[in-house]
Amino acid sequence: MKPTLLLLPLLAALLFLGDAAFPDCEPKPCGELTVEYPFWLGGPNHNQSSSSSGRISCGHPAFEVWCSDDGVASLSGTQILVLRIDYSSSSLVASHKRIADGNDGVCKTDFNISSSVVLSPFKISRSNRAICFLNNCNGTEPRGFGLFNATSGGCAKPVFAYLGGSYDRENPPRIPTGSCTYSYQPVLGSAAPANLTAATNYSRLFKEGFLLEWQRNGFGDCAACNASGGQCRHNNDTASFACLCSDGELRRSTCAGEYHLPS
Ligand SMILES: *[C@@H]1O[C@H](CO)[C@@H](O)[C@H](O)[C@H]1NC(C)=O
Ligand SMILES: *[C@@H]1O[C@H](CO)[C@@H](O)[C@H](O)[C@H]1NC(C)=O
Ligand SMILES: *[C@@H]1O[C@H](CO)[C@@H](O)[C@H](O)[C@H]1NC(C)=O
Ligand SMILES: *[C@@H]1O[C@H](CO)[C@@H](O)[C@H](O)[C@H]1NC(C)=O
Ligand SMILES: *[C@@H]1O[C@H](CO)[C@@H](O)[C@H](O)[C@H]1NC(C)=O
Ligand SMILES: *[C@@H]1O[C@H](CO)[C@@H](O)[C@H](O)[C@H]1NC(C)=O
Ligand SMILES: *[C@@H]1O[C@H](CO)[C@@H](O)[C@H](O)[C@H]1NC(C)=O
Ligand SMILES: *[C@@H]1O[C@H](CO)[C@@H](O)[C@H](O)[C@H]1NC(C)=O
């Protein structure tokens with residue numbers, strides 16, 4: 001066969017990929033972050049047409065990142081800020097805007113991050129440590145078991161803190177609570193102090209964030225698709241992973257696998 005004949009399918013494929021049929025999903029920057037599959041840039045500051053085209057999207061709906069003008073990334077514009085993404089370990093460091101912003105976060109600890117609906121499909125890693133807070137005690141705060149007065153100058157009401165062990169959503173630290181509002185927050189294990197002291201800087205801990213993990217398997221084997229020469233996409237119609245191959249076809253897993261034509 002002549003070399004030119006061999007080149008024809010390749011040229012056809014390049015022309016097809018150049019078509020607007022599929023979104024361009026080059027990794028995109030947001031501040032210090034590189035946003036790529038299963039994440040994708042959406043939201044009001046972003047031109048949707050470059051992230052999705054009809055049914056094919058650059059990432060999974062749950063992994064939509066909004067990027068503010070000053071380069072702050074959040075999960076779909078919520079209070080969960082994305083500080084770092086580690087694609088190889090399918091984890092990210094996030095913080096909660098309510099307590100990470102400013103220097104009076106400790107006064108606003110009367111909620112559980114674990115009940116944020118937006119966290120799904122992310123899980124708060126057990127490598128975090130849990131810090132419990134007691135708010136609105138109104139003088140009923142219990143004493144004598146390592147509870148620290150964490151009230152900062154900015155707080156209208158007293159706040160008390162207790163440093164627990166490994167963060168476990170199902171088993172938050174059990175401490176006496178008086179008639180206080182009990183909550184527990186994850187902080188990075190590497191940032192947590194050995195013990196709370198009067199000098200503990202809660203604002204710094206909240207700004208450093210906590211580790212979230214996602215199940216790599218649930219969102220397709222992007223590495224295998226990529227290794228087979230494909231690009232990772234999400235098919236919104238079938239709510240499943242799609243591997244876009246150099247022949248312009250979408251396949252279910254890798255470019256060596258079965259055809260899975262959009263219909
Ligand atoms: C969005 O993308 C479309 C298609 O590439 C382009 O025509 C349009 O000008 C873009 N709009 C903005 C606001 O960037
Ligand atoms: C936080 O979660 C714990 C354990 O589920 C619960 O007992 C507590 O009432 C929650 N606090 C708030 C403020 O919702
Ligand atoms: C808090 O304490 C004050 C003064 O003792 C009392 O008037 C108020 O009802 C208490 N509030 C609650 C919610 O217990
Ligand atoms: C806790 O600390 C705050 C600020 O230093 C102080 O105003 C408050 O009286 C303290 N409360 C208790 C119960 O020690
Ligand atoms: C932390 O607290 C434990 C138990 O109260 C104590 O044994 C340990 O010495 C403390 N560590 C530091 C670094 O203060
Ligand atoms: C606590 O940490 C924050 C953020 O790193 C910093 O701006 C602030 O000055 C620290 N506060 C104290 C009392 O060290
Ligand atoms: C895909 O592979 C290329 C190199 O072949 C690499 O630069 C890129 O980061 C990979 N992307 C993903 C999502 O693994
Ligand atoms: C994908 O599906 C979700 C949920 O069904 C929908 O909200 C979103 O707009 C869809 N995106 C595209 C690009 O069709």
Side-chain angles (χ1 to χ4, degrees), residues 31-33 68 70-75 78-85 92-213:
E32 312 256 289
L33 286 184
S68 73
D70 46 356
V72 176
S74 65
L75 288 179
T78 65
Q79 301 248 76
I80 306 290
L81 307 181
V82 181
L83 307 184
R84 292 189 293 282
I85 302 174
L92 67 141
V93 176
S95 66
H96 196 290
K97 195 169 162 38
R98 177 172 157 88
I99 50 175
D101 272 3
N103 276 321
D104 61 347
V106 75
C107 317
K108 305 175 192 163
T109 49
D110 56 345
F111 73 106
N112 290 317
I113 289 173
S114 57
S115 47
S116 289
V117 175
V118 70
L119 286 187
S120 171
F122 304 101
K123 295 237 170 9
I124 301 175
S125 168
R126 290 197 181 197
S127 73
N128 295 299
R129 279 187 81 180
I131 302 190
C132 302
F133 292 95
L134 298 181
N135 282 274
N136 308 314
C137 294
N138 213 4
T140 68
E141 64 277 3
R143 294 178 188 271
F145 63 97
L147 192 65
F148 261 78
N149 186 350
T151 316
S152 87
C155 301
K157 292 188 270 184
V159 186
F160 302 91
Y162 174 84
L163 181 63
S166 168
Y167 184 96
D168 178 352
R169 187 186 193 285
E170 313 305 328
N171 294 297
R174 285 160 197 258
I175 57 170
T177 59
S179 61
C180 313
T181 303
Y182 172 93
S183 64
Y184 61 113
Q185 313 290 345
V187 297
L188 279 184
S190 55
N195 289 329
L196 296 181
T197 68
T200 300
N201 188 334
Y202 300 93
S203 296
R204 188 184 59 77
L205 287 175
F206 297 148
K207 285 181 202 304
E208 291 204 26
F210 53 90
L211 194 70
L212 287 177
E213 297 166 333

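Predicted model, so just to flag it, every value in this text is computed and none were measured. Counting starts at 1 for both ligands and their atoms, following the listed order. For the numbers below, each heavy atom of this structure counts, side chains included, while hydrogens, waters and symmetry mates do not.
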Exercise for review: Considering the heavy atoms of Tyr184, write down every atom of ligand 2 situated less than 4.0 Å from one of them.
Suggested key: 2 (O)

Check your understanding: Can you check whether Pro186 reaches Ile113 side chain to side chain, under 4.5 Å on heavy atoms?
Key -> yes

**Study point:** Side chains of Thr200 and Leu205 in contact at under 4.5 Å (non-hydrogen atoms)
**Key:** yes

Practice item. Return yes or no for this condition: an N or O of Tyr182 is under 3.5 Å from an N or O of ligand 2. Key: yes

Review point. Could you give the distance from CG (Leu211) to CD1 (Ile124), rounded to the nearest 0.5 Å?
Key: 10.5 Å

Check your understanding: Would you say atom 14 (O) of ligand 4 has a protein heavy atom nearer than 4.0 Å?
Key -> yes

Check your understanding: At what distance is the nearest protein heavy atom to atom 8 (C) of ligand 6, and which residue and atom is it?
Key -> Asn201 ND2, 3.8 Å

Review point. What do we get for Thr181 next to ligand 2 when only non-hydrogen atoms under 4.0 Å count, side chain, backbone, both or neither?
Key: side chain

**Study point:** Note, Phe111 side chain near Gln185 side chain (heavy atom, < 4.5 Å)
**Key:** yes

Revision key, fill the gap. The atoms of ligand 2 lying under 4.0 Å from a heavy atom of Asp110, numbered in the order shown, are 13 (C)

Review point. Taking N or O atoms only and a 3.5 Å limit, does Asn149 qualify as a polar contact for ligand 4?
Key: yes

Check your understanding: Who's the nearest protein heavy-atom neighbour of atom 4 (C) of ligand 2, and how far?
Key -> Pro172 CG, 3.9 Å

Review point. Does NZ in Lys108 sit with more than 12 non-hydrogen atoms of other residues, nucleotides or ligands closer than 6.0 Å?
Key: yes

**Study point:** Shortest protein contact, atom 10 (C) of ligand 2 (heavy atom only)
**Key:** Asn112 ND2, 2.5 Å

Exercise for review: Using a distance threshold of 4.0 Å (strictly less than), state whether atom 2 (O) of ligand 6 has a protein heavy-atom neighbour.
Suggested key: yes

Point to revise | ligand 4 atoms in contact with Glu141 (distance to a heavy atom under 4.0 Å) | key: 13 (C)

Check your understanding: Any side-chain heavy atom of Arg98 sitting closer than 4.5 Å to one from Asp110?
Key -> yes

